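Single-structure report; data block below.
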Amino acid sequence: MAIYSLHLRSIGKTTHAARTAGAHIRYITRPTAHANLLARRMPGERNTARRWLDREERRDRKNARIIDKLTAALPRELNLLQRQRLVMAFAERATQGKAAWFAAIHQSGADAHNPHAHIVIRDRDPATNKRVALLSEKGACRKIRLLWEQAVNAALEAAGRPQRVTRLS
């Protein structure tokens, strides 16, 4: 049975120590996690992504929200490639295809029976420097949880699986 789980947290300049966002990238990409890495509009290699995020943080205003981090359960009913497609589709939709995102999918080794994705969203359109995912707005958690539900159910349907998830629990 497919399980729904999504946790949303943020890292900000006033709430966390400097370079915490980059340290999060280092943690979710640690070699022992055997992570599959995906990224758009930011580097996809772990060390380069961390340096890029640290550089972006230095450019932010003093009270900026640096990243939003999501942890989401991936359906065991999907294969490795289908899970990657699910994460990519969700991240692109959440960022409207404009903001930078990075994902580490943990689905092998110790996590073979607990597949999940760590998704980092840098909510800035590089062209305009405006926020697009709006994860700090009122109702954003409800919106992103619905978006994940829809993405998972679409992936399950495309795979021909009868299972569905719901964010309501």
Side-chain angles (χ1 to χ4, degrees), residues 1-12 15-16 20-42 44 46 49-50 53 65-123 131-169:
M1 178 176 164
I3 297 171
Y4 182 94
S5 177
L6 180 94
H7 299 278
L8 170 65
R9 291 175 297 271
S10 65
I11 294 177
T15 58
H16 293 81
T20 300
H24 181 65
I25 293 285
R26 183 182 68 219
Y27 173 72
I28 64 175
T29 61
R30 66 195 181 280
T32 57
H34 304 286
N36 299 86
L37 307 181
L38 305 168
R40 293 289 184 271
R41 293 168 292 283
M42 73 180 282
R46 75 185 297 251
R50 183 176 180 205
L53 201 49
R65 184 181 206 135
I66 301 161
I67 62 167
D68 290 285
K69 55 183 190 170
L70 296 94
T71 306
L74 296 170
R76 290 172 54 185
E77 293 81 2
L78 301 178
N79 65 35
L80 307 177
L81 184 58
Q82 291 167 329
R83 291 179 193 145
Q84 288 179 344
R85 288 185 191 139
L86 165 60
V87 171
M88 289 175 60
F90 169 76
E92 281 296 293
R93 191 162 167 211
T95 62
Q96 298 180 26
K98 295 178 181 177
W101 61 268
F102 183 95
I105 300 174
H106 298 181
Q107 58 187 352
S108 59
D111 290 316
H113 297 291
N114 178 30
H116 60 280
H118 297 272
I119 304 166
V120 170
I121 296 176
R122 170 89 176 142
D123 193 10
R131 295 180 305 125
V132 292
L134 305 175
L135 294 173
S136 61
E137 302 297 317
K138 184 176 183 174
C141 189
R142 206 169 320 168
K143 177 184 150 196
I144 204 75
R145 288 177 61 79
L146 173 61
L147 193 63
W148 180 247
E149 175 188 316
Q150 292 168 340
V152 170
N153 287 335
L156 288 167
E157 184 175 352
R161 303 300 304 230
Q163 298 86 353
R164 296 296 179 265
V165 298
T166 178
R167 71 195 182 287
L168 306 173
S169 58

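As a basis for the values below, the full set of heavy atoms in this structure was taken, side chains included, without hydrogen atoms, waters or symmetry mates. All figures in this text were calculated on a predicted structure; none of them were measured in a lab.
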Handout entry: Derivation and outcome, ring-ring contact (aromatic ring centres under 6.0 Å, His included), residues His106 and His118
Key = CA-CA 8 Å; His106 298 181; His118 297 272; 4.7 Å; yes
Exercise for the section: Search all heavy atoms of Ala133 against all heavy atoms of Ala94 and return the closest pair with its distance. Expected result: CB-O, 3.3 Å
Practice task
Nearest 0.5 Å please: distance from the CD1 atom of Ile3 over to the CG atom of Leu74.
Solution key: 11.5 Å
Problem - Partner residues of Trp148 under the side-chain hydrogen bond (donor to acceptor under 3.5 Å, both in side chains) criterion, sequence neighbours left out - result: none
Practice task
Check whether any side-chain heavy atom of Ile105 sits under 4.5 Å from a side-chain heavy atom of Gln84, and report yes or no.
Solution key: yes
Practice task
Check whether any side-chain heavy atom of Arg76 sits under 4.5 Å from a side-chain heavy atom of Pro115, and report yes or no.
Solution key: yes
Exercise for the section: Output, in order, the C-alpha distance, side-chain angles, deciding distance and verdict of side-chain contact (heavy atoms from CB on, under 4.5 Å) for Phe102 and Leu37. Expected result: CA-CA 7 Å; Phe102 183 95; Leu37 307 181; 4.0 Å; yes
Handout entry: Side-chain (Thr20) to main-chain (His16) donor-acceptor, under 3.5 angstrom
Key = no
Handout entry: Arg122 side chain vs Ala100 backbone, donor-acceptor pair below 3.5 Å
Key = no
Exercise for the section: Please tell me if the side chains of Phe90 and Arg85 come closer than 4.5 Å, counting only heavy atoms from C-beta onward. Expected result: no
Handout entry: Minimum side-chain heavy-atom gap Thr71-Leu6 below 4.5 Å
Key = no
Exercise for the section: Spell out, as yes or no, whether a donor-acceptor pair under 3.5 Å connects the side chain of Arg50 to the backbone of Arg26. Expected result: no
Completion exercise
Per side-chain hydrogen bond (donor to acceptor under 3.5 Å, both in side chains), Gln107 is matched among Arg83, His116, His113, His34 by Arg83
Practice task
Taking atom CD of Gln96 as the centre, report whether more than 12 heavy atoms of other residues, nucleotides or ligands fall under 6.0 Å from it.
Solution key: yes
Handout entry: Pairwise side-chain contact, His7 with Cys141, heavy-atom cut-off 4.5 Å (strictly under)
Key = no
Handout entry: Contacts of type side chain to side chain contact (heavy atoms under 4.5 Å, CB included), residue Leu134, not counting sequence neighbours
Key = Arg131, Glu137
Handout entry: Contact summary for Ala21 and Ile11, nearest pair of heavy atoms
Key = CA-CD1, 3.9 Å
Problem - Atom pair OH (Tyr27) and CZ (Arg46), whose distance is rounded to the nearest 0.5 Å - result: 12.5 Å
Exercise for the section: Find the distance between CG (Leu135) and CG (Asp68) and round it off to the nearest 0.5 Å. Expected result: 4.5 Å
Exercise for the section: Quick one: pull up OG1 in Thr29 and CG in Asn36 and give me the separation to the nearest 0.5 Å. Expected result: 12.5 Å
Handout entry: Approximate separation, where rounding is to 0.5 Å, of Asp123 CG and Ile66 CD1
Key = 13.5 Å
Exercise for the section: Begin from the C-alpha positions of Val120 and Ile28 and carry the test side-chain contact (heavy atoms from CB on, under 4.5 Å) through to its verdict. Expected result: CA-CA 10 Å; Val120 170; Ile28 64 175; 4.1 Å; yes
Problem - Arg145 (side chain) donor-acceptor with Arg142 (main chain) under 3.5 angstrom - result: no
Problem - Arg161 backbone acceptor or donor facing Arg164 side chain under 3.5 Å - result: yes
Exercise for the section: Could you tell me whether Arg9 atom CZ has more than 12 heavy atoms of other residues or ligands within 6.0 Å of it? Expected result: yes
Exercise for the section: Give the C-alpha distance, both sets of side-chain angles, the deciding distance and a yes or no for side-chain contact (heavy atoms from CB on, under 4.5 Å) between Arg41 and Trp101. Expected result: CA-CA 7 Å; Arg41 293 168 292 283; Trp101 61 268; 3.6 Å; yes
Problem - Close side-chain approach of Leu156 to Val152, heavy-atom, < 4.5 Å - result: yes
Problem - Contact check, side chains of Ser10 and Ile67, non-hydrogen atoms, under 4.5 Å - result: no
Problem - Heavy-atom donor-acceptor pair, Glu92 side chain to Ala89 backbone, under 3.5 Å - result: no
Handout entry: Non-neighbouring partners of His24 that pass ring-ring contact (aromatic ring centres under 6.0 Å, His included), sequence neighbours left out
Key = none
Handout entry: Flag side-chain contact, heavy atom, 4.5 Å: Asn79 against Gln82
Key = yes
Exercise for the section: Indicate yes or no for a side-chain donor-acceptor contact from Glu77 to the backbone of Ala2 under 3.5 Å, with no hydrogens or angles considered. Expected result: yes
Handout entry: Audit row: Leu147, Arg93, side-chain contact (heavy atoms from CB on, under 4.5 Å) steps and yes/no
Key = CA-CA 8 Å; Leu147 193 63; Arg93 191 162 167 211; 3.2 Å; yes
Exercise for the section: Would you give the length of the straight line joining atom CG of Leu78 to atom CG of Leu86, rounded to the nearest 0.5 angstrom? Expected result: 6.5 Å
